[in-house]
Participant: 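Quick one: the structure is below, and I'll ask about it shortly.
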Amino acid sequence: FFIEVNIFMAKIIDNYIVCFISTVLFVAIILLFIYHRLFDATERQLTQSNLLINVIFFIYVLINISHLLYISMLPLY
């Protein structure tokens, strides 16, 4: 049992299909879109895209680290 505190995920976490679409399928479609767009990109666009992807990846890593910290603190409660 858990309580979702993310306001964006709290409403869709109860529906398994919507949850799967939003967490897996939607991300996969966005990554495929970016992958295909990079073939026609200029050098400047590639540099900007690389910076943006690195920032998003850093945020994703921070979120995963916070999840791991919360999971590791569960035995304390």
Side-chain angles (χ1 to χ4, degrees):
F1 178 75
F2 67 94
I3 298 172
E4 181 63 52
V5 294
N6 182 343
I7 59 172
F8 300 110
M9 290 297 291
K11 295 180 181 178
I12 64 170
I13 201 74
D14 294 330
N15 188 334
Y16 296 119
I17 294 172
V18 176
C19 186
F20 175 77
I21 289 171
S22 66
T23 57
V24 177
L25 199 58
F26 184 66
V27 174
I29 290 170
I30 290 174
L31 288 175
L32 282 172
F33 175 75
I34 292 171
Y35 177 75
H36 286 291
R37 290 283 304 207
L38 289 177
F39 285 115
D40 297 328
T42 64
E43 189 69 30
R44 181 171 181 250
Q45 289 172 333
L46 288 174
T47 304
Q48 291 173 345
S49 297
N50 192 24
L51 177 65
L52 181 63
I53 289 170
N54 286 334
V55 169
I56 291 170
F57 181 71
F58 179 72
I59 293 169
Y60 179 73
V61 167
L62 288 177
I63 291 170
N64 282 328
I65 289 172
S66 73
H67 285 136
L68 290 173
L69 287 173
Y70 293 141
I71 289 171
S72 68
M73 291 173 23
L74 280 177
L76 301 175
Y77 292 107

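Just so you know, these numbers use all the heavy atoms, side chains as well, and skip hydrogens, waters and symmetry mates. By convention here, the first residue in the shown sequence is residue 1.
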Participant: Quick one: closest heavy-atom pair of T42 and Q45, and the distance?
Facilitator: N-OE1, 2.9 Å

Participant: Roughly how far apart are I21 CD1 and Y16 OH, rounded to 0.5 Å?
Facilitator: 15.0 Å

Participant: Is there a path from Y60 to I53 through hydrophobic residues (I, L, V, M, F, W, Y) whose side chains come within less than 4.5 Å of each other?
Facilitator: no

Participant: Among the clusters formed by ILVMFWY side chains lying less than 4.5 Å apart, do V24 and L32 turn up in the same one?
Facilitator: no

Participant: For the OG atom of S72 and the CD1 atom of I65, what is their distance to the nearest 0.5 Å?
Facilitator: 11.5 Å

Participant: Identify, with sequence neighbours excluded, every residue that meets ring-ring contact (aromatic ring centres under 6.0 Å, His included) alongside F57.
Facilitator: none

Participant: Not counting sequence neighbours, which residues clear side chain to side chain contact (heavy atoms under 4.5 Å, CB included) with V27? List them please.
Facilitator: L31

Participant: Does V18 share a hydrophobic cluster with F20, counting links as ILVMFWY side-chain heavy atoms below 4.5 Å and allowing steps through other members?
Facilitator: no

Participant: Taking atom CD1 of I56 and atom CD1 of I30, what is their separation to the nearest 0.5 Å?
Facilitator: 9.0 Å

Participant: Report the distance from atom CG of L52 to atom OG1 of T47, rounding to the nearest 0.5 Å.
Facilitator: 12.5 Å

Participant: Report yes or no: does N54 contribute a side-chain atom to a donor-acceptor pair with the main-chain N or O of N50 at less than 3.5 Å?
Facilitator: yes

Participant: Can you name the closest pair of heavy atoms from P75 and I71 and give their distance?
Facilitator: CD-O, 3.8 Å

Participant: Is the ring pair F39/Y35 parallel, tilted or perpendicular, if the boundaries are 30 and 60 degrees?
Facilitator: perpendicular

Participant: Do V61 and L51 share a hydrophobic cluster, counting only Ile, Leu, Val, Met, Phe, Trp and Tyr and linking them when any side-chain heavy atoms are less than 4.5 Å apart?
Facilitator: no

Participant: So, using side chain to side chain contact (heavy atoms under 4.5 Å, CB included) as the criterion, who are the partners of Q48 when residues are at least two apart?
Facilitator: R44

Participant: Give, for atom CD1 of I12 and atom CG of N15, the distance between the pair rounded to the nearest 0.5 Å.
Facilitator: 8.5 Å

